[in-house]
Amino acid sequence: QSALTQPASVSGSPGQSITISCTGTSSDVGGYKFVSWYQQHPGKAPKLMIYDVSNRPSGVSNRFSGSKSANTASLTISGLQAEDEADYYCSSYTTSSTVVFGGGTKLTVL
Amino acid sequence: QVQLVETGGGVVQPGGSLRLSCAASGFTFSSYGMNWVRQAPGKGLEWLAFIRYDGNNKYYAESVKGRFTISRDNSEKTLYLQMNSLRAEDTAVYYCAKVQEVWSVAGTGAFDIWGQGTMVIVSS
């Protein structure tokens with residue numbers, strides 16, 4: 001199972017919006033609603049930000065939103081803040097009953 | 001509070017074995033599927049294995065199938081990862097992660113709680 005494809009890096013200024021894409025296939029992202037997004041700060045464990053494509057866990061800011069079209073999922077962060085600077089990973093359930101992560105995207109807040 | 005604590009990491013020679021443990025607290029461990037995920041130094045996350053809430057279903061990544069075994073002891077609220085035939089490329093921080101939805105039978109659920117990770121170094 002190949003990793004999902006994410007851009008290596010994205011950047012934005014405070015207050016702006018950015019979108020991170022996550023491209024898979026019909027065997028993973030395109031075939032299920034089970035797409036999640038995680039935020040990871042250096043030296044820390046990942047934190048769940050979005051589950052089931054577009055749902056936010058309790059406590060996660062509504063500046064974070066998710067969507068999906070065909071084989072590509074997206075994470076949008078609006079009103080960028082300095083503390084959003086982190087690595088972001090998408091994940092998806094697959095037809096092999098496994099889970100696959102994206103390669104990760106480093107978000108820089110300028 | 002809800003917490004996962006991994007232990008058992010360390011330095012091991014290539015070809016050696018190691019068993020990781022993940023102690024759970026603050027939630028009904030026996031009701032949730034669990035996963036192991038690793039992260040090599042400077043690299044991304046890699047899912048390794050899932051075990052159903054009752055231990056009856058297990059799924060593995062191809063990279064570890066046949067070498068690693070996931071198991072759990074619900075009476076001890078502990079998840080395990082037995083790692084055999086270790087290779088240099090298994091060097092990573094290993095995380096256990098709880099599935100968000102109760103009674104999950106496959107790895108469909110998101111991972112809502114993560115441990116702090118335990119480092120495994122495979123080197124001679």
Side-chain angles (χ1 to χ4, degrees), chain A residues 1-9 20 22 24 27-29 31-60 64 66 73 75 86-106, chain B residues 1-6 9 22 24 27 32-52 56-65 68 70 92-102 104-119:
Chain A
Q1 184 72 45
S2 300
L4 305 175
T5 300
Q6 297 181 232
S9 63
I20 300 172
C22 169
S27 296
D28 38 63
V29 174
Y32 301 95
K33 70 170 186 174
F34 305 117
V35 176
S36 302
W37 289 91
Y38 301 88
Q39 175 191 67
Q40 187 181 35
H41 287 108
K44 301 295 187 181
K47 174 186 176 183
L48 177 65
M49 304 303 284
I50 295 288
Y51 67 96
D52 292 355
V53 174
S54 61
N55 294 297
R56 273 189 315 275
S58 174
V60 171
F64 292 82
L75 173 71
D87 293 326
Y88 291 84
Y89 296 90
C90 61
S91 75
S92 175
Y93 183 68
T94 82
T95 52
S96 303
S97 300
T98 61
V99 175
V100 61
F101 281 97
T105 297
K106 180 177 181 60
Chain B
Q1 74 277 25
V2 178
Q3 192 174 13
L4 297 171
V5 178
E6 303 96 335
C22 169
F27 66 98
Y32 293 90
M34 297 291 296
N35 296 267
W36 284 100
V37 177
R38 71 183 177 186
Q39 186 169 35
K43 302 297 184 181
L45 301 173
E46 180 186 14
W47 174 83
L48 298 179
F50 164 86
I51 185 168
R52 202 171 89 164
N56 283 342
N57 282 13
K58 304 175 185 180
Y59 301 101
Y60 297 91
E62 284 299 322
S63 59
V64 303
K65 193 177 295 185
F68 290 11
I70 189 172
V93 173
Y94 285 73
Y95 296 100
C96 59
K98 167 187 167 292
V99 174
Q100 180 184 41
E101 61 176 1
V102 68
S104 54
V105 299
T108 53
F111 307 163
D112 64 340
I113 303 296
W114 296 65
Q116 84 290 349
T118 187
M119 184 74 201

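Lettering of chains follows the sequences in order, A, B, ..., and the numbering in each one begins at 1.
Only the side chain of Gln39(B) comes within contact range of chain A, judged by heavy atoms closer than 4.5 Å. For Ser91(A), no part lies near chain B; criterion is any non-hydrogen pair under 4.5 Å. If you measure heavy-atom distances from Gln6(A) to chain B, you find no contacts under 4.5 Å at all. At a 4.5 Å heavy-atom cutoff, the contact between Phe111(B) and chain A is made by backbone and side-chain atoms alike. Using a 4.5 Å cut-off between heavy atoms, Lys44(A) touches chain B through its backbone atoms (N, CA, C, O) alone. Of the atoms belonging to Val37(B), it is side-chain heavy atoms, and not backbone ones, that fall under 4.5 Å from chain A.
Listed options Pro46(A), Gly102(A), Ser36(A) were ranked by heavy-atom pairs under 4.5 angstrom with chain B; first place goes to Pro46(A). Per-residue heavy-atom pair counts under 4.5 Å with chain A were compared for Tyr95(B), Trp47(B), Phe50(B), and the maximum is reached by Trp47(B).
At least one donor-acceptor pair under 3.5 Å links the side chain of Thr105(A) to the backbone N or O of Pro7(A).
Annotation: side chain of Tyr59(B) is not in contact with side chain of Ile70(B) (no heavy-atom distance under 4.5 Å). Counting only heavy atoms from C-beta outward, the side chains of Arg38(B) and Val64(B) approach each other to under 4.5 Å.
Shown here are the salt bridge (charged side-chain N to carboxylate O under 4.0 Å, His left out) partners of Arg56(A), two or more places apart in sequence or in another chain: there are none.
Checking Thr98(A) against Glu62(B) by side-chain atom types alone, no donor-acceptor pair falls below 3.5 Å.
Taking the six-membered ring for Trp and the full ring otherwise, the centers of Tyr38(A) and Trp114(B) sit less than 6.0 Å from each other.
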